[in-house]
Amino acid sequence: MNERQVHRYVQRFLDAMDCTVLEKSPAHFKVKLSPAADRALTNRPYYWSFVDRTGAEPETMSMLLVTDRTKFDAAEAAAEAQKQAQQQQPKPNSDDPLSSAAEAALARSFGFVHGEVNAIRMPREELHFGSRRLDQLFDASQAGGSYVYLFQEPERKHLLPYDSTPYTAWLGVNMKVEFASDRKREELYSFGVSLASGQCVERFHDRLLDLKMTPKLPPNVHITKNGLSLGKALSTIEQTIERKLKNQDYSWAAQARERLDEELARIRNYYEPLIAAAIVENIPAITEQYEKRQAEIRWQYEPRVTATAINCGIFHLAGID
Amino acid sequence: MLQPNQPTNPSRSEPAARGKLHPLVEWQFDRSWFDELQARLNRNGPWDNWQLYQLAVEAEQAKQVTSFDELRCLRCLPTLEPMPHQLSTASKVLHEMGGRAILADEVGLGKTIEAGLVLKEYMVRGLVKRALILVPASLVLQWVRELNQKFGISAVAQKKEHTWQYDVVVASMDTAKREPHREKLLAQDYDMLIIDEAHKLKNKKTTNYQFVNQMSKKYCLLLTATPVQNDLDELYNLITLLKPGQLGGQSEFAANFVVDKRLPKNEDQLQEALSGVMIRNRRGDGGIHFTKRIVRNIPLALSPEEKALYDGVTAFVKERVVETIADMASMLSLVTLQREVCSSRDAVFVTLVNLFKKTAEDSPLRAKIWGLVENIRAITSNTKAEKAMELIREIDDKVIIFTEYRATQEYLLNYFRDNGLYAVPYRGGMNRGKKDWMMDLFRGRAQVLIATEAGGEGINLQFCHHMINFDLPWNPMRVEQRIGRVHRLGQQHDVRIYNLCTLGTIEEHIVSLLHEKINLFELVIGELDHILERFEKQELTIEQQIARLVAEAGDSSELQRRISGLGDSLNRIRTEVQSDSTLEEEDALGNLLDAVGQTISMEASQ
C-alpha cells in the first residue's frame, strides 16, 4: 500500500465508522472518533466500561492521522514559516484604537484564553503501511466486517406494483490459504455457492463489488427457495478449493521435506550414539530431549497448507442461478 | 475471524477438516467461521457492516505474503535503512538457514538490526507470534526501545510475573533462568528465541546453557561477537545448542576437527559446517570509513596549593613503597592516591580518610595522613574543573565527560550546577531505569553527561561527538571503550577527544604513553585487543606494570625513561601483530571464524 492507497483506506474506514472529519488534506485527517471507532482504536476499556455502566455521555477522542509524513511535515513547516513571517510584519491594524479596544473588551468578558491550552488534545498518529495504528484499523475492519447478510439493490424501479424479482441466496466466503514450512506464502480465494442450484463461483467477492448491496430486503423482491443446505454448500467449497490446490506446484514442499529429513538425520546422528553410550539413569532425560528436538524440527519445517476464512456472509442476488 | 493463530504450532489447532493435498503436505481447512455464521443465522444476527467487510478484504490483500523469498518487512519499515550486509545477513538466515543461526558480527556492525529484521520478517509473515529475547540486564530497555522504535514490534520488558504472557518479551537471562520464571518459560513453546551476548552460553555445565537447551523453540538466533575465545569446545557447545549434530558428537568433533584447543584441523570441512549456522561480518581492513577522531591534549599547570598536595602525596607513596615490601595490590592502591590527586581533591580526600580509618591508632602514619588532609584544606579551586568548564562553553554542544572517580563526578556535578551548566551523572551502580532516564535527559535538555563507567555495552551516544577525558584510565582498553561510546557506527561527525593533562605529574606520563607512544587514539578498532592480549601474556596486566614503574621509579626522569621503554615494547608488539596477522599458526581460531563471514566496506553507510 502506498501513501495514496492508505489515505483512501483511512477515509473509507472513517466513513464506515461514522467518524467526524474535522479537517483533511491529501496527507492527513483530523478526526473526532465515533464511539464505535473510539472503542476499537483508543484502548480505553476502563473508560468505556464506566460509560456503559453509568450511562454517561461518552466523550470520544480526537486524533491527527498522518497518512503521508513527508508531505504533511512540509506543509506544516511552510505554514509555520508563513505564520512567523506574518508575526514579524507589524500588524497593519494593531495601532487601530478601535480594534485594540475590541480585543480588550473581549478579554474582559472572557478572560485570557491561551489558544494552545484550550485546543483539543490531538495525538499524532503515523499511518504508513506497517504502522501499528494502521494495523489496528485493519483489525477493526476485520472485527466489524466478519459476517454479513445482504441484499442486492435492484437496478431499476419496477413498472408494475405487483411485479416481483426473484433473488437467489448465496453463501460467500473469502479465504486465505497459507503455504508454510519454515517459510511461507499466501493466496487469497473468494468463493460463492448458490443455495438454489449449488453452483460454485470463484472470485465471488469481485462480483459483489460491482453491485450495490443493502442490509434491508428491497421491495418487490422474492427469494427463491433454497435447494441446498448450508452444510452442502460448505462441502462444495471445500471440494472446490481442494481440487484447485491439488493441482499446484509442490516443489517447495518437497524441498522443505528434504530439509526436514536432513535435520532429523542430523540430530539422529547426534542423539543415538549419545543414548547408546549413556548410563541407564540418564537415558530417559536424553531421550526426552531428543524427542523435544524432533518435535521442534517438525514444527519448524513440516510443509502444511491451511485455509482460514477472512470473512463470510449470505448474499441475496438478483436472478435464479 | 482469522483464527488468532495463537500457536503457530500446527499440532494444536481448531477442529477442522484435515487431510493431504500432496503426499508430503498436510492440509487443513478451518470451519469455525461456518459454525459462527450458522449461529448468527439462527439468532437472526447481529450482522456486520458491508463497508468494513470490504475493507477487511482489502487489508488482507495488502498484507498478503505473495512469495516465499522477498523481505516483506522492509515495506513496513519506511524509516529503517539497514546496511547491505545487514540485509544480506537477514535474508541468509531466513532463506538458507531456516531461522536458526549464530550472528557473530564484530562489535558495532549491527547484530541487533539483523536480529530485528529476521524477527520482524517472521512476524509479518505470521510465522512468529510469540518471541522471547534474553539479554544481559543492562540491555533490556535498549532492546525494548529498538524493537519498538525501529521495528514497530510491541516488545515488553519483563518486570512482573504476568509480563510473560505478552507476545514479545525482553528479559534478562538471570531472571529467566530463576524460579518461578524458569518453570513458566519451559512450559511455553516459543516461535522465536533470541539470545544476545550468547558467549555466556559457551559452557555446557552452566545453568544458562542447560536452561536454553531445555527451552522449546522454533527459530533461534544467538548473538555474539566472540563465538570462540580460548577453546574450540566453546564453539562446539554454542552450535550444539542451536543445531545438535551440526559438528557431530563431542568425540567425533574432537577427532575430526581439533588438534589442540586453539588449533583446528580439517579447516575446510569445519568452515563448511560452520557456515551453515553462523554468519560473521567483519570490517574490511581498508574499508572502514568511520568518521575521524581528533585528539587534543590540554596541558594544565597545577595551582601552587594543588602542586603542594601532589608532591606531598607522591612523597608519602614513595616512603610507603620503600617501607613495606609492597605486594602488587597495595602498590596499586598507593599509586591510586597519586592518580586521584590529578583528578580532584575530593577523590583523594575520600581515599585518604579511608586509609586513615584503617591505620592503627598509634601508628605514626596517621599524623602523616592527617598532614595531607590539611594540604587538601588549602585548596580552594580545581584547575581542571575550571578548564573543563571553559572548554564546554567553547564547544557549545553536547559533551560527555569521563572520570574514574565517583567523588570527582559528584564534585563536577555540583561545580557545573553552581555555574549554571545542566549536567547529569551516569554510573555503573545505577539501576537500569535510572540509567535510561539519565540517557534520555542527556539526549534532551542536559548539555553534559558525567560518566564514571564506559563499560556495560549498551550506552550508545552517537548523537554526541565531543568527549573530555577528565582523567585517563591506565588500561588502554578502558580508554578505547570510552571512545567507543561515541565513535561508533551511526556517528555522523568527526569525534573530538580532549585529554586534560596536568603537567609534572604521572598523568603527563600516561598521556604521553597512550597518545604519543602507542597512538591509542588512532588505532584501528580491534587492533588494540590483539596488542594487549599479547602484551599481557607475559605476566602482569598493563595497569599493574605501569603502577610498578611509577612506584619504583626514583625520580621523574627515570620514570619517563621507563615508561618510554614500556611504550617501545608495546610498539614492538604492535608491529609483530601487524606483520603476523597473516601468519596462520598463531591465529588459527580467528582465521577459522573469518572464513565464515564476509568482509564489508562501510563506505555505503556514510
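Source: prediction; values computed, not measured. Numbers restart at 1 for each chain; the letters A, B, ... are given by sequence-line order, proteins then strands.
Only the side chain of Arg40(B) comes within less than 4.5 Å of a heavy atom of chain A; its backbone N, CA, C and O stay farther away. Only the backbone of Met215(B) comes within contact range of chain A, with heavy atoms under 4.5 Å apart. Of the two parts of Thr240(B), only the side chain, counted from C-beta on, holds a non-hydrogen atom closer than 4.5 Å to a non-hydrogen atom of chain A. Using a 4.5 Å cut-off between heavy atoms, Met213(A) touches chain B through backbone and side chain atoms alike. With a threshold of 4.5 angstrom between heavy atoms, Asn148(B) approaches chain A through its backbone and through its side chain. For Ala143(A), the part lying near chain B is the backbone, with the side chain staying farther off; criterion is any non-hydrogen pair under 4.5 Å. Only the backbone of Met97(B) comes within contact range of chain A, with heavy atoms under 4.5 Å apart. For chain A, the nearby part of Ser67(B) is the backbone; its heavy atoms alone come within less than 4.5 Å. Residue contact with chain B, scored on non-hydrogen atoms closer than 4.5 Å, is absent for Gln5(A). Proximity to chain B is absent for every atom of Arg268(A), based on heavy atoms less than 4.5 angstrom apart. Both the backbone and the side chain of Gln300(A) have a heavy atom closer than 4.5 Å to some heavy atom of chain B. Interface remark: Lys20(B) contributes backbone atoms only to the contact with chain A (heavy atom separation under 4.5 Å). Residue Arg266(A) touches chain B through both its backbone and its side chain, counting heavy-atom pairs closer than 4.5 Å. Within the 4.5 angstrom heavy-atom criterion, no atom of Ser190(A) approaches chain B. Residue Phe253(B): no heavy atom, backbone or side chain, is found under 4.5 Å from chain A. For chain B, no part of Leu274(A) is nearby; none of its heavy atoms comes within less than 4.5 Å. At a 4.5 Å heavy-atom cutoff, the contact between Gln61(B) and chain A is made by backbone and side-chain atoms alike. For Lys292(A), the part lying near chain B is the side chain, with the backbone staying farther off; criterion is any non-hydrogen pair under 4.5 Å. Residue Tyr290(A) does not touch chain B at all, counting heavy-atom pairs closer than 4.5 Å. If you measure heavy-atom distances from Leu137(A) to chain B, you find no contacts under 4.5 Å at all.
Side chain to side chain, Ser154(B) and Arg132(A) meet the donor-acceptor criterion of an N or O pair below 3.5 Å. Donor-acceptor pairing under 3.5 Å is lacking for the side chains of Asn2(A) and Arg75(B).
Put simply, of Lys120(B), Glu58(B), Arg72(B), the one with the most heavy-atom pairs under 4.5 Å next to chain A is Glu58(B). Counting heavy-atom pairs under 4.5 Å between each of Gly249(B), Gly98(B), Ala62(B) and chain A puts Gly98(B) at the top.
When atom types are taken as modelled, the side chain of Gln28(B) and the backbone of Thr306(A) share no donor-acceptor pair closer than 3.5 angstrom. Between the side chain of Asp48(B) and the main chain of Val148(A), no donor-acceptor pair closer than 3.5 Å is present.
Aromatic ring orientation, Phe68(B) versus Trp252(A): tilted (interplanar angle from 30° to 60°).
Between Lys176(A) and Glu60(B), at least one side-chain N (NZ, or NE/NH1/NH2) sits under 4.0 Å from a carboxylate O, which counts as a salt bridge. Between Asp69(B) and Arg183(A), at least one side-chain nitrogen of the basic residue sits less than 4.0 Å from a carboxylate oxygen of the acidic one, meeting the salt-bridge criterion. Using a cutoff of 4.0 Å between basic side-chain nitrogens and carboxylate oxygens, Glu186(A) and Lys63(B) are not scored as salt-bridged.
Residues passing the salt bridge (Lys or Arg N to Asp or Glu O under 4.0 Å) test with Asp73(A) are Arg124(A), sequence neighbours excluded.
When all heavy atoms of Asp182(A) and Leu94(B) are compared, the closest pair comes out as OD2-O, 4.5 Å.
Residues of residues 6-16 of chain A lying within less than 4.5 angstrom of chain B, judged on heavy atoms, are Tyr9(A), Arg12(A), Phe13(A), Ala16(A) in numerical order.
For Trp47(B) and Tyr147(A), the ring centers are positioned 6.0 Å apart or more.
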